[in-house]
Amino acid sequence: MGTIQLLLLLSMNTFLLAFGIDNVENYTWHLQQAPQLLNKRTITIEPPRFEAKTKLVFNSTCGIECQKKLPLPTVSDLQNYLSYETVYNNGTRTMTEVNIKESDLKNEFEFAKSEGRSRRRTRRQVFGLDSRFSISNKHFITSYPFNTAVKISTGCTGILVSRKHVLTAAHCIHDGKDYVKGAKRLRVGFLKMRTKGGGKRRGSKRNKRSAKGKPRFQWSRVVRTQVPKGWFKGVANDIAVDYDYAVLELKRPQKHKYMEIGISPPVQNMPSNRIHFSGFDNDVPGNLVYRFCTVSDESSDLLYQYCDAQPGASGSGVYIRLKQPEQRAWKRKIIGVFSGHQWVDVSGAQQDYNVAVRITPLKYAQICFWIHGNYADCRDG
């Protein structure tokens with residue numbers, strides 16, 4: 001879809017909210033005190049091999065229906081799942097164990113016993129009419145919130161969550177057993193508009209051709225990656241997809257605006273039960289693609305949705321827009337990570353879904369700590 005349709009759509013959404021058609025007073029960021037994941041100890045372990053291949057589609061994932069049959073994890077389980085690995089650009093790798101207070105778990109399983117609103121799905125990554133919008137207009141590419149989306153050099157998408165940190169999917173850098181080959185020299189690309197002259201190499205045919213205002217990627221090196229232990233094979237087993245998230249620290253801080261993370265509210269507290277995200281889908285190389293859709297089912301850790309997407313969009317930051325408490329202003333926050341197109345077990349049969357990992361209170365505390373390095377800045381989600 002083109003720029004005109006996107007402008008009309010954004011204007012329509014603003015109109016509906018402004019005139020109360022969607023009962024906007026119910027859609028407010030309700031800040032809650034976030035739990036604390038206290039680091040117990042950190043040990044140095046052997047360097048990763050970086051021999052795995054990037055995998056964008058998963059088979060036999062235990063999804064929402066499957067997880068309803070599983071017992072809730074204990075405090076000990078969660079401490080194991082939320083322990084995490086850190087890999088530095090010099091090859092050093094550490095494992096950090098965490099402690100969790102049992103009193104901090106009261107909000108973690110808010111949706112665990114929900115029956116959800118399951119709907120039948122067709123077996124395609126793009127469902128029916130393709131509702132994606134290719135963002136090619138200079139105004140959109142360089143403006144918030146679209147300029148927070150970044151390209152991961154392993155073929156995925158991520159989103160800028162601080163001046164120096166990017167949130168993405170764990171499977172973009174780790175296959176559950178080892179780090180992927182491209183993670184050894186990981187880079188993050190920011191989509192920029194080309195300037196006249198096309199670059200430093202003046203007079204070259206390549207740069208003359210590129211001086212037409214087309215976008216390009218400006219790459220930044222990653223100096224540190226952090227992945228929860230729950231993603232690794234043999235740890236969380238059936239619920240490993242719940243921990244499909246990672247944070248990348250960049251070598252240099254970025255100048256433009258980033259998007260904050262927040263604790264995911266219940267779907268009924270999202271305007272029109274709707275989520276948004278932008279990614280670099282493989283079928284439109286070099287282009288940023290925006291989409292929005294309705295969530296069809298939810299659990300404590302997962303969101304199933306109808307968003308049209310292709311491989312390459314994995315790792316996109318899923319966000320919503322809610323009112324600030326006691327203010328008229330609306331604010332976007334990231335409430336999940338798009339894990340991608342996955343085959344899941346439903347009543348003993350394989351069905352395909354587009355799945356996002358929601359940011360729960362404990363995941364918020366962990367990701368926020370990875371970003372800020374302390375819990376003082378992570379008290380309210």
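The analysis underlying the following values was restricted to heavy atoms, covering all of them including side chains, and did not include hydrogens, waters or symmetry mates.
Between Y364 and Q32, the side chains place no donor N or O within less than 3.5 Å of an acceptor N or O (distance only, hydrogens not considered). Checked by atom type, the side-chain pair N147/K257 shows no donor-acceptor distance below 3.5 Å.
A distance-only check finds a donor-acceptor pair linking the side chain of E108 to the backbone of L362 [under 3.5 Å]. In this structure, W29 contributes its side chain and G262 its backbone to no donor-acceptor pair below 3.5 Å. The backbone N or O of K255 sits less than 3.5 Å from a side-chain atom of R163, completing a donor-acceptor pair.
In this structure, R291 pairs ionically with D281, as a charged nitrogen and a carboxylate oxygen lie closer than 4.0 Å. Ion pairing of K363 with D301 is present here, as a side-chain N (NZ or NE/NH1/NH2) and a carboxylate O approach within less than 4.0 Å.
The side-chain heavy atoms of T360 and D242, taken from C-beta on, include no pair separated by under 4.5 Å. The closest side-chain heavy-atom distance from I371 to Y258 is not below 4.5 Å. Looking only at side-chain heavy atoms (C-beta outward), M270 and P265 come within less than 4.5 Å of each other.
Within a 6.0 Å sphere centred on CD of Q324, other residues, nucleotides and ligands contribute more than 12 heavy atoms. At most 12 non-hydrogen atoms from other residues, nucleotides or ligands lie less than 6.0 angstrom from NZ of K40.
A cation-pi arrangement is not found for K331 relative to Y319, the charged atom failing to lie both closer than 6.0 Å to the ring centre and inside a 45° cone about the ring normal.
With values rounded to the nearest 0.5 angstrom, T44 atom OG1 is found 11.5 Å from M95 atom CE. In this structure, the separation between CG on L38 and CD on Q79 is 9.5 Å, given to the nearest 0.5 Å. N89 CG to R221 CZ: the interatomic distance, rounded to the nearest 0.5 Å, is 8.5 Å. Here the NZ atom belonging to K181 is positioned 13.5 Å from the OG1 atom belonging to T154, to the nearest 0.5 angstrom. Taking CG of N354 as the reference point, atom OH of Y304 lies at 11.0 Å (rounded to 0.5 Å). Taking CD1 from I239 and OH from Y81, the interatomic distance works out to 4.5 Å, rounded to the nearest 0.5 Å.
Counting all heavy atoms, side chain and backbone alike, S153 lies closest to L186 at OG-CD1, 3.5 Å. Taking both residues in full, the closest heavy atoms of V98 and Y84 are given as CG1-CE2, 4.0 Å, listed atom of the first, atom of the second, then distance. Here the shortest heavy-atom pairing between A149 and S278 reads CB-O, 4.0 Å. Contact record, L31 with K333: CD2-NZ, 3.8 Å, taken as the closest heavy-atom pair. Nearest approach of G336 to I334, heavy atoms of both residues: O-CG2, 3.4 Å. The two residues K233 and D175 have their closest heavy-atom pair at CE-O, 3.8 Å.
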- Worked verdict on T42 versus T86 for side chain to side chain contact (heavy atoms under 4.5 Å, CB included): CA-CA 10 Å; T42 299; T86 303; over 6 Å; no

- Message: Evaluate F133 against F146 for ring pair (Phe, Tyr, Trp, His ring centres under 6.0 Å), listing each step before the verdict.
- Response: CA-CA 12 Å; F133 296 86; F146 303 114; 9.6 Å; no

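When ring centroids are compared, F280 and F217 come within the 6.0 Å threshold. Separation of the H174 and F232 ring centroids falls under the 6.0 Å cut-off.
Among K184, R93, E85, the one residue that satisfies the side chain to side chain donor-acceptor pair (under 3.5 Å) test with Y179 is E85.
Under the rule for a side chain to side chain contact (heavy atoms under 4.5 Å, CB included), the partners of S316 that lie at least two apart in sequence or sit in another chain are T157, F277, A313, F338.
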